[in-house]
Asker: 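If you scroll down you'll find the structure; I have some questions about it.
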Amino acid sequence: MKNKKNIVITTLATTLISCFTYVVSQTKPTTEPKVIQDTVKNAKPNIIALPADSVFTDKGLKLKTYKKNAHASYYADRFNGKKTADGSRFNNNKYTAAHKKLPFGTRVKVTNEANGKFVIVKITDRGPFVKTREIDLSKRAFMEITKFKGAGAMKVTIETIIE
C-alpha cells in the first residue's frame, strides 16, 4: 500500500515538473527592444500634419468654419487596407477622414476643442454611420490631437480649407 502511494506521488510530481518544463520552454525570453539613437534632436517642430499632396503657402491657410462642437471618433484597426468610398485603400497611419457630406479630396482642419491641437486631413470616405458623430478620423490623426490617449471620441471644430 505504501509502495503504491509513493509511485502515485512520484508520477504526479514527474508530470507536474514535465508540464512546467514544457511551458517554460515554449515561452520566448523577454528582451528589451533596441533603441536606435537618432542623430537629429527629437524636438517636435511647430508644423502641422498635411496630406502628401497638400498645397500650403507662406500666406497661411484660408479657412471656412464648417461646424463647431462636432463629435469626432476614429476608425477601428479592422478597416486597414479596405477600400474607401473614393476608391483608395484606407491606412490608419495617414491623415484621412470620413464625412457624410463633404466632397472627396476636401482638406479639413480638425481642432480638438479641449486642448487646441489640430490636424489637417483629407476626406476619402463616407461616414460615420452614427447619427451623433460628424467625422471619423484616421487613428493617427485622432491620437495626434486627443487629450487622453485612451479616448475614443472628442468634441472638435471642423474648418474646410479653401484652396
Asker: Nearest 0.5 Å please: distance from the OH atom of Tyr74 over to the CG atom of Asp136.
Answerer: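 It is 11.0 Å, given to the nearest 0.5 Å.
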Asker: For Lys100 versus Pro128, what's the shortest heavy-atom pair and its separation?
Answerer: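 Scanning both residues, the minimum pair turns out to be CE-O, 2.8 Å.
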Asker: Other members of the hydrophobic cluster containing Ile162, with the 4.5 Å side-chain heavy-atom rule, please.
Answerer: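 Other cluster members: none.
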Asker: Should Glu144 and Tyr95 be marked as a side chain to side chain contact (heavy atoms under 4.5 Å, CB included) after you check the CA-CA gap, both sets of side-chain angles, and the distance that decides it?
Answerer: CA-CA 10 Å; Glu144 198 161 301; Tyr95 294 93; 2.6 Å; yes
Asker: Quick one: does Val156's side chain get under 4.5 Å of Leu137's, heavy atoms only?
Answerer: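 No, every pair of side-chain atoms sits at 4.5 Å or beyond.
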Asker: First locate atom CG of Leu102, then atom NZ of Lys122, and finally report the distance between them rounded to the nearest 0.5 Å.
Answerer: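 Reported to 0.5 Å precision, the distance equals 14.0 Å.
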Asker: Can you spot which of His71, His99, Lys155 makes a side-chain hydrogen bond (donor to acceptor under 3.5 Å, both in side chains) with Glu134?
Answerer: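 One option only clears the test, and that one is His99.
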Asker: Is it the case that more than 12 heavy atoms not belonging to Lys83 sit under 6.0 Å from its NZ atom?
Answerer: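 At most 12 heavy atoms, drawn from other residues, nucleotides or ligands, come within 6.0 Å of this atom.
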Asker: Which pair of heavy atoms, one from Thr111 and one from Gly116, lies closest together, and at what distance?
Answerer: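 Heavy-atom minimum between the residues: CG2-O, 3.7 Å.
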Asker: Measuring from Arg89:CZ to Asn80:CG, what's the distance to the nearest 0.5 Å?
Answerer: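 Here the interatomic distance stands at 11.5 Å.
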Asker: Any chance you could measure Thr157, atom OG1, to Leu63, atom CG, to the nearest 0.5 Å?
Answerer: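 If we round to the nearest 0.5 Å, Thr157:OG1 and Leu63:CG are 11.5 Å apart.
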Asker: Of the non-hydrogen atoms in Pro103 and Ile123, which two are nearest, and what is the gap between them?
Answerer: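 It is O-CB, 3.8 Å.
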Asker: Do Met143 and Ile158 share a hydrophobic cluster, counting only Ile, Leu, Val, Met, Phe, Trp and Tyr and linking them when any side-chain heavy atoms are less than 4.5 Å apart?
Answerer: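 Both belong to a single hydrophobic cluster.
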Asker: Quick one: closest heavy-atom pair of Ala76 and Asn92, and the distance?
Answerer: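 Between these two residues, the closest heavy atoms are O-ND2, 3.6 Å.
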Asker: For the side chain of Asn93 and the backbone of Arg140, is there at least one donor-acceptor N/O pair under 3.5 Å apart?
Answerer: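 No, the answer is negative, given that no donor and acceptor are paired below the 3.5 Å cut-off.
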Asker: In terms of heavy-atom contacts, does NZ of Lys109 have more than 12 from other residues, nucleotides or ligands at under 6.0 Å?
Answerer: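 Correct, the count exceeds 12.
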Asker: Are side-chain heavy atoms of Ile135 and Lys67 found at a separation under 4.5 Å?
Answerer: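 No, side chains not in contact.
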Asker: Quick one: CD1 on Ile161 to NZ on Lys64, what's the gap to the nearest 0.5 Å?
Answerer: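 Nearest 0.5 Å value for the CD1-NZ distance: 14.0 Å.
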Asker: Output yes when a side-chain donor or acceptor of Ser138 lies under 3.5 Å from a complementary backbone atom of Lys94, and no otherwise.
Answerer: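 Yes; judged by distance alone, with no hydrogens or angles, the pair exists.
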Asker: Which atom pair, heavy atoms only, marks the closest approach of Ala70 to Glu113?
Answerer: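 It is N-OE2, 4.4 Å.
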Asker: Picking from Asn91, Thr96, Thr84, Asp125, what satisfies side-chain hydrogen bond (donor to acceptor under 3.5 Å, both in side chains) with Tyr75?
Answerer: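 Only one option passes, and that is Asp125.
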Asker: Find out if a path of hydrophobic residues (ILVMFWY) with successive side-chain heavy-atom gaps under 4.5 Å connects Phe142 to Phe79.
Answerer: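 They do not share one cluster, since no chain of ILVMFWY contacts under 4.5 Å joins Phe142 to Phe79.
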Asker: Can you measure from NZ (Lys139) to CZ (Phe90) and round to the nearest 0.5 angstrom?
Answerer: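 Result: 10.0 Å between the selected atoms.
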